[in-house]
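Within every chain, numbering begins at 1; the chains are lettered A, B, ... in the order of the sequence lines, protein sequences first and strands thereafter. Note: hydrogens, waters and symmetry copies are ignored here, and every other heavy atom, side chains too, is used.
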2 protein chains.
Amino acid sequence: MKRPTLEAVAALAGVSRATVSRVVNGQTTVAPHIREAVLRAVDELGYVPNSAARSLVTQRTDSIALVVSEPPTRVFSDDPLFATVIRAASIELEAADKQVVLMLAGSAKSHARVERYIASGHVDGAMLISMHGADPLPAAIARMRVPVVSYGRPAVPVDIPYVDNDNVGGAEAAVRHLVAAGRRRIATIAGPLDMIGGQDRLTGYRNVLRDSDRRSIVAVGDFTRESGAVAMRQLLRDDPHLDAVFAANDLMAIGALQALRQAGRRVPDDVAVVGFDDIEAAKYTDPPLTTVRHPVADQAAAMVRLLLGLFSGGPSDPVILPTELVIRESA
Amino acid sequence: MKRPTLEAVAALAGVSRATVSRVVNGQTTVAPHIREAVLRAVDELGYVPNSAARSLVTQRTDSIALVVSEPPTRVFSDDPLFATVIRAASIELEAADKQVVLMLAGSAKSHARVERYIASGHVDGAMLISMHGADPLPAAIARMRVPVVSYGRPAVPVDIPYVDNDNVGGAEAAVRHLVAAGRRRIATIAGPLDMIGGQDRLTGYRNVLRDSDRRSIVAVGDFTRESGAVAMRQLLRDDPHLDAVFAANDLMAIGALQALRQAGRRVPDDVAVVGFDDIEAAKYTDPPLTTVRHPVADQAAAMVRLLLGLFSGGPSDPVILPTELVIRESA
DNA sequence: AACACCTTGGAGAGCGCTCCCAACCATACG
DNA sequence: CGTATGGTTGGGAGCGCTCTCCAAGGTGTT
């Protein structure tokens, strides 16, 4: 009635536990006919090795935690970022025959659970995704003796390897595009400044404006469409004559598009709009959104490779991936 | 250098392993001052119990697998269904202090991994989400002696408990609404017929049409927006005079809206459109989409409770949740 | 003061597996 | 024909933990 053990298989096949273990783990030092007998017994009993027992002795679990340190509402919002990352990372990890354990660590309470989970040896390593500045998790996890990598540069300087995209460069390219098009009053809808992506994209915007001798006009959103609309209205009040907006992500750009339409501005004729991310929806806005594409899936895959590399003593240097300006009709 | 064990804590606190175990597991039969000493030692060494060792003896893992038997492209598509289910289930499971292990089982290869994972005792139970008719996974997992529940009635008759919403009733309500509004030629864009949701919603549509003496006009999509647009164009060719469409989900309804606009039809004046799901985007379509809301999050929570109930010998009867017609402007 | 009873801590057996080491057998060589 | 060699197999320890006894000590009662 209970699940069969190695012992049971050994008994049925008329060999020792050790031999069964060898067959199950694919060692070649077993005589073919014995191997056959063992496999038959395994099949007959429906034997599957007990993972707890195995990892107790091997000290490995072949599982990797994917920790998303955000409230669930944001993880599974309109923003497909997390979905893309999770998907790409899963594919890459499964290719390496690792099991993905997805963990949402949005609240302080779940932080504790996650820390405990990782510390208790459930996983061989962990990947952290998108945390805010005050997030204590990276530091906490880095303290354990578990290999960890981060998706995106941690906001707090913590000594863990990470993979990021060139946020500053991408923002610069976007704003340079607006400058090149002759736009004079270029505003930005920045992301949350406690997030590294928000900071870096604002930095890129400021770099170009400074170099091109324009004034910066800044409103801050929180990466949601609604906040983009609110920020856009704010900007229009601040400077009714602005002729371009760079939004720190597409969702806010879409919100800005709505607000502009409501305010009776034509895009791109009156106001040019550029987003960041190149999400799917950017193709279907009216007009289609010019935006900065960054390789989310590649970045996730690179993160996985970085972590797997750590297991075998590979380098722990940060990896930075390039971005690309996608020009559509909004700017 | 290694991770501290019970033994180490016991030595430091000057007690036996058993006593430390009692303290760590919150047993009350330990004298306060000894308890203090143990906790101090735990703290000092940064001790965290080894989960493999623990579950080897307890035969529990306190983890639950959430198996999504769909290709990742669909799981993390525009369709927020999976996201909502995953989120709600996670919240509910964490409340019960269970760890969620999310597994994507889109390919045959990953099926094998998932089966092995579950069979090897990594989790105490499993939840299956949204599978197509030919999916062998429910049957395979049901065969193991692991408690399993399904989100949605399994397409293949398999004896596992499930939680579903009233797809037939919801579709009926939607189509009855169109009938009541005086629509004469009511078409439907059905979902994939190898999915139970697709079947049931089509059944509901047919039930009402039959009772109200109208002809059914059916096109089949695959729950994506694109397929909705394609199906809509098809329907317009089949019957240029149709005056209403019931789409089996909102994404296809949105595609239909696009196709109708391109064809120069006004919604709802010329053609009324009703969707199913009440996703977030349904509020923002032009015009806002009339649709059938079903309690996705509630359903997920109910699924979790059903599974947890199974552990303690609770009932394994299917749970069916009601739906609600949300009337906006498209019909 | 002796007894029973209850509380509390310790000893030890395993949970199911891997892996080291030793024993074995067969072959080949001196 | 004995011994060295190499390839297979089995024995057994132990991974870190829980949990069932059991013993020791303390308390209260008669």
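- Asn165(B) places no side-chain N or O within donor-acceptor distance of the main-chain N or O of His294(B), the cut-off being under 3.5 Å.
- Between the axis at the start and the axis at the end of the helix from dA1(C)-dT30(D) to dG30(C)-dC1(D) there is an angle of 60°, using five pairs per end and rounding to 10 degrees.
- Atom P of nucleotide dC24(C) and atom CD1 of Ile34(A) are separated by 16 Å, given to the nearest angstrom.
- Within the structure, a side-chain polar atom (N or O) of Thr19(A) is placed less than 4.0 Å from OP1 or OP2 of dG10(D).
- Here the NZ atom belonging to Lys98(B) is positioned 9.0 Å from the CG atom belonging to Leu307(B), to the nearest 0.5 angstrom.
- For the pair Thr61(A) and Ser51(A), the minimum side-chain heavy-atom distance is 4.5 Å or more.
- A straight line from NE2 of His33(A) to C1' of dA26(C) spans 13 Å, rounded to a whole angstrom.
- Side-chain contact check for Tyr162(B) versus Met303(B): every heavy-atom pair is 4.5 Å or farther apart.
- At dT7(C), none of the side-chain N or O atoms of Thr29(B) fall inside 4.0 Å of OP1 or OP2 (strictly under the cut-off).
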Practice problem: Verify side-chain hydrogen bond (donor to acceptor under 3.5 Å, both in side chains) between Ser16(A) and Thr19(A), making sure each step is shown before the conclusion. | Solution: CA-CA 5 Å; Ser16(A) 72; Thr19(A) 301; 3.3 Å; yes
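- A donor-acceptor pair under 3.5 Å is absent between the side-chain atoms of Gln199(A) and the main chain of Asp194(A), judged by distance alone.
- The distance from the OG atom of Ser69(A) to the CD1 atom of Ile129(A) is 10.0 Å, given to the nearest 0.5 Å.
- Two residues are said to be in side-chain contact when any heavy atoms from C-beta on lie closer than 4.5 Å; Pro136(B) and His111(B) meet this criterion.
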Self-check item: Per-nucleotide protein contact string for nucleotides 12-20 of chain D (B base, S sugar-phosphate only, - none; heavy atom under 4.0 Å)
Solution: BB-BBBBBB
